[in-house]
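A quick write-up on the structure given underneath.
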Amino acid sequence: MPGPIVAGPVVTGPVVTGPIVVGTDGSPAATAAVRWAADDAARRGCPLRFVSVVDHWAYGIPKFPVSGGDPLTAHAERALSAAEAVARERQPDVEISTEIIEGIPSRVLRDKAKEAVEIVLGSRGFGGFAGLVIGSVSTHVAGQARCPVVVVRPGWTGERGEIVVGVDDSPECEPALAYAFEQARAHGDALRAVHAWHLPAHPLAPEITYDVEEVREARQRVTREKLSDPWRRYPEVPVRSEIAYGHPVDALVQASRASGLIVVGSHGRGAVGSAMLGSVSRGVLHHAECPVAVVRSPSAP
């Protein structure tokens, strides 16, 4: 059963420094990311930095100048101008800067994590990111960036709802919890902590049985323990805990239908690229119906 909603006295949250970096290429998904990032920058008091990446070699175009100008750079300039116009219309008081960088989009945006408080991307890109399958840039950046990465689907217009965070018994979920509490405070919305579980299967020993109620109580204790420290730091955030039986991806995707943001942690396990995301964060990125934030553990490789 869902836990109770609790609230405490209002306190001032931590000071946020550094820009919110937004990868933009003029696509509908990138425009949705610009809107989300502008709102988040206004809530958190961060500057915005729009980045458009020019990858000549992806199109077989040499790096040296050609007659008539560089069409990819011209496209990047138009994408940045459009992004700035959208952001200024939505949040006119937010500080904005723009940047065009030569390179591979996923690598450039991953490296921007060194200076950003978060990176915001669309789930699909055209223009500068054209030719890439859905999620190829966003999943790569989410799998490797050292700061939170928010992925926004095309068509997002600003729907509000509770912030949902996935909770498990690993230490790697703690950075995700801290980010989720910060977002809930900034949004002025409740936080819904979802812990999904299912009984392990033992095909070689099918006679093994479990006390389901005992397992459920143990999962509830884990959730309370994980929530206790961040809630002490953000006591003004109303919190509701939910213990769901089933796969974490299914539980979080279902929760996404009524939420404003889903936050998942990433254990950082895997060889390269988006393999570091793990099955849960990857599954939520591909199927959630609201923006998704992936928060990697600082100890991840």
Side-chain angles (χ1 to χ4, degrees), residues 2 5 20 22-24 27-44 86-87 90-91 117-125 134-135 137-139 141-143 145 147-168 173 175-196 237-242 244 246-266 274 277-296:
I5 293 180
I20 293 174
V22 188
T24 184
S27 66
T31 301
V34 167
R35 295 190 185 100
W36 193 95
D39 289 351
D40 202 41
R43 284 188 295 261
R44 302 170 69 190
V86 169
R90 193 172 185 93
Q91 298 291 347
V117 296
E118 72 185 8
I119 295 175
V120 184
L121 303 170
S123 61
R124 172 183 286 179
I134 184 169
V137 171
S138 55
T139 54
V141 176
C147 68
V149 177
V150 181
V151 179
V152 185
R153 293 186 179 280
W156 183 88
T157 57
E159 299 87 349
R160 291 189 58 180
E162 61 187 357
I163 308 300
V164 174
V165 60
V167 182
D168 61 22
C173 84
L177 282 170
Y179 177 85
F181 269 87
E182 180 185 339
Q183 283 289 343
R185 180 190 62 81
H187 281 75
D189 288 324
L191 179 68
R192 179 179 174 189
V194 177
H195 178 98
V237 174
V239 180
R240 179 160 62 101
S241 62
E242 178 179 325
H247 195 281
V249 172
D250 295 335
L252 292 169
V253 168
Q254 182 175 359
S256 75
R257 295 166 185 159
S259 67
L261 178 69
I262 293 279
V263 183
V264 293
S266 177
S274 60
L277 273 175
S279 60
V280 172
S281 48
R282 180 191 293 272
V284 173
L285 268 178
H286 279 280
H287 299 292
E289 298 181 15
C290 68
V292 177
V294 178
V295 185
R296 289 188 71 208

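The residues of the chain are indexed from 1 along the displayed sequence. Fair warning: this is a prediction, and the values are worked out from it, not measured in the lab.
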List the atom of Arg160, the atom of Asp189, and the distance in Å for their closest heavy-atom pair. NH2-OD1, 2.8 Å
Nearest heavy-atom neighbours spanning Val120 and Ala33: CG1-O, 3.6 Å
Mind listing the closest non-hydrogen atom pair of Ile262 and Leu252 along with its distance? CD1-O, 3.6 Å
Could you check whether any side-chain N or O of Arg90 sits under 3.5 Å from a backbone N or O of Val34, counting only pairs where one atom can act as donor and the other as acceptor? no
Enter the distance from Ser241:OG to Arg192:CZ here, rounded to the nearest 0.5 Å. 11.0 Å
Backbone of Ala32 reached by a side-chain donor or acceptor of Arg153 within 3.5 Å: no
Close side-chain approach of Asp40 to Glu118, heavy-atom, < 4.5 Å: yes
Can you tell me how far apart NE2 (His287) and CD (Gln254) are? Round to the nearest 0.5 Å. 14.5 Å
Shortest non-hydrogen contact from Ala29 toward Ser123: CB-N, 3.8 Å
Here the gap from Ser266 atom OG to Arg282 atom CZ, rounded to the nearest 0.5 Å, amounts to 10.0 Å
Spell out, as yes or no, whether a donor-acceptor pair under 3.5 Å connects the side chain of Ser256 to the backbone of Glu289. yes
With side chains defined as the heavy atoms from C-beta onward, is the minimum distance between Tyr179 and Val165 less than 4.5 Å? no
Would you sort out whether Val151 and Val294 count as a side-chain contact (heavy atoms from CB on, under 4.5 Å), showing the intermediate values? CA-CA 8 Å; Val151 179; Val294 178; 5.8 Å; no
Minimal heavy-atom distance between Ala186 and Arg43, with the atoms involved, is O-CD, 3.4 Å
To the nearest 0.5 Å, atom CH2 of Trp156 lies from atom CG of Leu261 at 9.5 Å
Spatial distance of atom OG1 (Thr139) from atom CG (Leu121) [nearest 0.5 Å]: 10.0 Å
What's the separation between atom CD1 in Ile119 and atom OG in Ser138, rounded to the nearest 0.5 Å? 11.5 Å
Closest non-hydrogen atom pair between Val164 and Ala255, with its separation: CG1-CB, 4.0 Å
Counting only heavy atoms not in Gln91, do more than 12 fall under 6.0 Å of its CD? yes
